[in-house]
Amino acid sequence: MEPARRQELRKLYYHTLVNDVVPFWLRHSLDREHGGYLNCLDRDGSVYDTDKAVWLQGRGAWLFSTLYNTLEPRPEWLDAARLGYEFLARHCYDADGRMFFLVTRDGRPLIKRRYFFSECFAAIGCAQYAKASGDDEAWQLAQKTFRLVVGLARNPDRLTPKVNPATRRTISHAIPMILLATAQEFRALASDPLYDEVAAEAAEQILTRFIRPEKRALFENLNHDGALMLDTVDGRLITPGHAIESAWFLMHEGRYRRDNSIIQRALDVLRWSLELGWDQDYGGLLYFVDYEGKPPTRLEWDQKLWWPHTEALYALLLAHELSGEAWCAAWYERVHEWSFGHFADPEYGEWYGYLHRDGSLLTPLKGGVWKGPFHLPRALLYGYKLLE
């Protein structure tokens, strides 16, 4: 990638992050009355539902704290982070230490799920807020939540199974993926052998089980013994966005360990996932792919979602930085053109989240239970720092 292009992208990423995306959430999401963030936002930022997704409270606290810690110590970013942290600490933990998934605007519990993704994002949100604020209670809560997550991951029998384990026992790529990302966050903030241990375990699971070089793919679900389940829909499932996100987590791990073999395998996964997921008819990344091309059963399989594209943008920049290979730059430009050309909303700011297969608008919402201030601003921040 030419220096002039890098400089152009660096300016674009900074402008989009600091003058577009982050101000959108600061204007419309901060709940000054009850704390936390209102995440269900229409195209113009107006609130269409006041219930709050707990994992987005953690993600928001992480974003504003990370901006404060790594980009610039702006008081409004620290203030926004505090809103998220305090709401999490006061309202989002159940008596058993687990967290809710959805609460009312004032923090009363609505839904609690068996997964521990709310806990993962609360942990990193509290950890980054602790660094930004110097609040030791936030750091203690972050560590307690992280250790809870590790305990649940290492003892999955403590979680309600999704499928009857007497009939079929499966393992999901989402678990080592989120553990790797969470451990990397903590490792960047403090020294503890547990962080390295968890990151190493998670990376090893992804590298040796879910990544299948002979199939040129990263599979989402496996039998508990690591065998492929190609006679089932779930066993053939490829989620390009998850695979691409996992690839850059692995690139970070390879860089940290100075292990080029990890980086090379991550580059493979990135390339395979783009080839499997790219829509040859309309462009953009498909949400789900059946590895053998059998009929899709998830009706949203061909939607174009914002987050796989933001993950691809950063992953390709990082891949090019680490490898210098021309295909990374070529793919980057392809994804960049489609993403900025279809998701961005120059009138009201931020990005649309959901498009039809042909790139036309599916819904105008900018935030919901699944979409909040995370994937897009994280990609912009990381991309900017990399280009810097």
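Since this is a predicted model, take the numbers as computed values, not measurements. The first residue of the sequence shown is numbered 1, and numbering continues consecutively from there.
With rounding to the nearest 0.5 angstrom, the CG atom of L38 is 11.5 Å from the CG atom of L56. One distance of note links OG1 of T145 with CE of M99; it measures 6.5 Å at 0.5 Å rounding. Atom CG of D259 and atom CD of E253 lie 9.5 Å apart (nearest 0.5 Å). For the atom pair OH of Y85 and OH of Y129, the computed distance is 7.0 Å after rounding to the nearest 0.5 Å. Rounded to the nearest 0.5 angstrom, N223 CG and T232 OG1 are separated by 9.5 Å. The line from CG of N164 to CZ of R168 is 10.5 Å long, rounded to the nearest 0.5 Å.
Residues K11 and R6 are not in side-chain contact: their nearest non-hydrogen atoms beyond the backbone lie 4.5 Å or more apart. In this structure the side chain of W77 reaches within 4.5 angstrom of the side chain of L26, judged on heavy atoms. In this structure the side chain of H320 never reaches within 4.5 angstrom of the side chain of Y332, judged on heavy atoms. With a 4.5 Å cut-off on side-chain heavy atoms, H28 and S46 do not count as touching. With a 4.5 Å cut-off on side-chain heavy atoms, W139 and K131 do not count as touching. Side chains of L148 and F116 form no contact here, defined as non-hydrogen atoms less than 4.5 Å apart. Using a 4.5 Å cut-off on side-chain heavy atoms (C-beta onward), T310 and Y314 make no contact. At least one side-chain heavy atom of L237 sits less than 4.5 Å from a side-chain heavy atom of F288.
A ring-centre distance under 6.0 Å is not found for F340 and W306. Residues F343 and W338 place their aromatic rings such that the two centres sit under 6.0 Å apart. When ring centroids are compared, F64 and W25 stay outside the 6.0 Å threshold. Taking the six-membered ring for Trp, F186 and F146 have ring centres closer than 6.0 Å. For Y384 and Y13, the gap between ring centers reaches or exceeds 6.0 Å.
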*Go through the steps to decide whether D196 and Y256 satisfy the test side chain to side chain donor-acceptor pair (under 3.5 Å), and finish with yes or no.*
CA-CA 10 Å; D196 262 335; Y256 172 80; 3.2 Å; yes
*For H252 and Q184, what are the C-alpha separation, side-chain angles and deciding distance, and is it a side chain to side chain donor-acceptor pair (under 3.5 Å)?*
CA-CA 8 Å; H252 280 194; Q184 288 173 337; 4.7 Å; no
*Kindly indicate, with the supporting measurements, whether the criterion side-chain contact (heavy atoms from CB on, under 4.5 Å) is fulfilled by D345 and E350.*
CA-CA 6 Å; D345 181 4; E350 241 283 345; over 6 Å; no
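Remark: of the listed residues F117, W62, W351, Y382, W62 is the sole one forming a ring-ring contact (aromatic ring centres under 6.0 Å, His included) with F374. The ring-ring contact (aromatic ring centres under 6.0 Å, His included) test with W370 singles out one residue from Y354, Y287, F101, W307, and that residue is F101.
Note on L194 and I124: same hydrophobic cluster, where clusters join Ile, Leu, Val, Met, Phe, Trp and Tyr whose side-chain heavy atoms are under 4.5 Å apart, directly or indirectly. There is a path of hydrophobic side-chain contacts, each under 4.5 Å, that joins M1 to W331. When the side chains of ILVMFWY residues are joined at heavy-atom separations under 4.5 Å, either directly or via intervening members, L159 and L179 end up in a single hydrophobic cluster. Under the 4.5 Å side-chain heavy-atom criterion for Ile, Leu, Val, Met, Phe, Trp and Tyr, L276 and M229 are members of distinct hydrophobic clusters. One hydrophobic cluster, built from ILVMFWY side chains closer than 4.5 Å, cannot hold both W301 and V233; they sit in different ones.
Within the cation-pi definition used here (under 6.0 Å to the ring centroid, within 45° of the axis), R59 qualifies as a partner of F121. In this structure, K52 satisfies the cation-pi test against F87, with its NZ or CZ atom closer than 6.0 Å to the six-membered ring centre and inside 45 degrees of the ring normal.
Heavy atoms only, all atoms of each residue included: L270 and A315 are closest at CD2-O, 3.8 Å.
Between R32 and D79, at least one side-chain nitrogen of the basic residue sits less than 4.0 Å from a carboxylate oxygen of the acidic one, meeting the salt-bridge criterion.
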